[in-house]
Amino acid sequence: MSTSAPKPLPTYVTVCSGAAAGAVELVCLYPLDVVKTRMQLSKAGTGAQRQGIISMLGHIIKNEGPSNLYRGMAPLLLLEAPKRALKFGANDFWGKTFRSWLNGHSKLHALLTGCAAGATESLIVVPFELVKIRLQDPNQMHLYKGPMDVVRHIYAEHGHRGLYRGLSSTMLRHVFWNGGYFGSIPLVREALPVATTQSERLRNSLLSGTIGGFIGTALNTPLDVVKTRIQNSHAKAGERAKYHGTFSSLATIFREEGASALYKGFVPKVARLAPGGGILLLVVEVINNEVRRLLGPPYI
């Protein structure tokens, strides 16, 4: 029997498994994203800012109905499959590209691959995130009938460029999350007990993905807060919105609300994206393992 490493799966397999994993993760954990966005939009001292995750979830169910826990999910559900497909597909592509440049530097390879995948992923995310935020904001939800109505309003006011409001902050958010996520997974796996069975390997994938999700979230939350404020800000004709640039918005929030404001919504965000990172990696591994089994040598 050959002892050589299995042949990497074709990129299209990674793309499909990433798409399936993203859909599963979104449906399971989306209500936490609603809570996170509302916390990030709230000002210090408001009721939304003082509420915890459970109390805010209860408040939404009681006062707005359970369906509002999934308000704004439609554009993300349409996005999630191609987004996660692009995430894992880009990670696979950049991984193969960087491998010849960084031979023998596996940790740096994982970090740079993750950052490049995040930058690639962000290019299709911005319009969907913009629509989602407008629909999740309780102060604006009455203005729109649905996702396409948000698009029509934004296009009528600002043209096609308006749909890419917050591009730079979104790109940095994804670079930091993917760099932290994919960059930390090899380090975590090294620290875990060596897996000798399939179930142990899947356990390690779940644990390393969860820890990677936590690290990525800790790194990118300030940029996520800024992105949310930029995409939800409005300005009168001829005036500049209060939140308009990534670094100027970071400075404005820090100056007016303090450093802690840059981590608004961190708890519901990490409560979603830490286990979400584990779910993503686990589902991808399960699907990839099944494909390897079906394809047989040289993929196993």
Side-chain angles (χ1 to χ4, degrees), residues 29-60 63-64 68-69 71-72 115 118 122 125-126 129-130 132-141 165-181 183-184 210-236 239-277:
L29 301 171
Y30 183 79
L32 293 170
D33 189 73
V34 175
V35 172
K36 180 266 297 184
T37 298
R38 293 198 179 187
M39 286 184 173
Q40 289 180 345
L41 292 174
S42 67
K43 303 298 182 182
T46 62
Q49 184 59 27
R50 292 193 299 266
Q51 285 182 302
I53 297 175
I54 302 302
S55 60
M56 185 174 285
L57 287 171
H59 175 84
I60 293 171
N63 295 283
E64 304 173 32
N68 266 19
L69 292 176
R71 184 174 176 85
C115 289
S122 69
V125 166
V126 180
E129 283 282 325
L130 185 59
K132 180 207 74 169
I133 286 167
R134 298 289 174 89
L135 290 173
Q136 287 181 348
D137 182 4
N139 297 315
Q140 293 192 70
M141 61 173 57
R165 183 176 182 83
L167 174 61
S168 63
S169 55
T170 302
M171 182 170 288
L172 286 171
R173 179 187 79 152
H174 283 264
V175 166
F176 274 66
W177 198 88
N178 283 270
Y181 179 68
S184 64
T210 299
I211 295 171
F214 178 89
I215 292 171
T217 304
L219 291 173
N220 90 333
T221 295
L223 292 160
D224 191 39
V225 173
V226 166
K227 178 202 74 72
T228 298
R229 297 284 183 93
I230 290 173
Q231 291 188 322
N232 200 55
S233 62
H234 300 270
K236 297 179 181 178
E239 295 182 1
R240 174 176 281 185
K242 179 178 181 180
Y243 303 106
H244 55 274
T246 301
F247 298 106
S248 63
S249 297
L250 279 168
T252 297
I253 296 170
F254 181 83
R255 183 178 64 253
E256 294 183 354
E257 303 174 50
S260 63
L262 294 172
Y263 276 85
K264 281 185 175 180
F266 175 74
V267 173
K269 180 178 168 69
V270 80
R272 177 195 169 188
L273 292 180

#### Entry: Nearest heavy atoms of Arg165 and His244, plus distance in Å
NH2-CA, 4.5 Å
### Task
First locate atom CG of Asn220, then atom CG of Leu172, and finally report the distance between them rounded to the nearest 0.5 Å.
10.0 Å
### Task
Applying side-chain contact (heavy atoms from CB on, under 4.5 Å), run through Ile211 and Phe214 and close with a yes or a no.
CA-CA 5 Å; Ile211 295 171; Phe214 178 89; 5.5 Å; no
#### Entry: Pairing of Arg71 and Glu64 as salt bridge, 4.0 angstrom limit
no
### Query
Do Gln140 and Asn232 meet the criterion of a side-chain donor-acceptor pair at a distance under 3.5 Å?
yes
### Query
Of the non-hydrogen atoms in Ser249 and Gly245, which two are nearest, and what is the gap between them?
OG-O, 2.6 Å
### Message
Going by salt bridge (Lys or Arg N to Asp or Glu O under 4.0 Å), name the residues that satisfy it together with Lys132, two or more places apart in sequence or in a different chain.
### Response
Asp33, Glu129
### Task
Indicate yes or no: at least one non-hydrogen side-chain atom of Lys264 is less than 4.5 angstrom from one of Thr228.
no
### Contacts of type ring pair (Phe, Tyr, Trp, His ring centres under 6.0 Å), residue Phe266, not counting sequence neighbours
Tyr263
## Note on the structure
Closest non-hydrogen contact found for Gly52 with Met39 is C-CE, 4.0 Å
### Message
Using a 3.5 Å distance criterion without hydrogens, assess whether the side chain of Ser233 forms a donor-acceptor pair with backbone atoms of Tyr243.
### Response
yes
### Task
Hey, could you give me the OG1/NZ distance between Thr37 and Lys227, rounded to the nearest 0.5 Å?
7.0 Å
### Query
Can you name the nearest heavy-atom pair linking Val225 to Leu262, along with the distance?
CG2-O, 3.4 Å
### Task
Give the minimum heavy-atom separation between Ala271 and Pro275, together with the two atoms involved.
O-CG, 2.9 Å
### Task
Return the minimal non-hydrogen interatomic distance between Lys36 and Gly265, and the atom names on each side.
CG-O, 3.3 Å
### Message
With side chain to side chain donor-acceptor pair (under 3.5 Å) as the test, pick out the partner of Gln40 among Thr221, Asp137, Asp224.
### Response
Asp224
### Message
Could you check whether any side-chain heavy atom of Pro138 comes within less than 4.5 Å of a side-chain heavy atom of Arg38, counting everything from C-beta outward?
### Response
yes
### Query
Rounded to the nearest 0.5 Å, how far does CD1 of Ile215 lie from OG1 of Thr210?
11.0 Å
### Query
Measuring from Cys115:SG to Tyr181:OH, what's the distance to the nearest 0.5 Å?
14.5 Å
### Query
Any side-chain heavy atom of Gln136 within less than 4.5 Å of one from Leu41?
no
### Reported OG-to-CD1 distance for the pair Ser168 and Ile230, which is rounded to 0.5 angstrom
6.0 Å
### Query
Side-chain contact, heavy-atom cut-off 4.5 Å: Trp177 with Thr217?
yes
### Message
As an exercise, state the distance from CD1 of Ile253 to CZ of Arg229, rounded to the nearest 0.5 Å.
### Response
4.5 Å
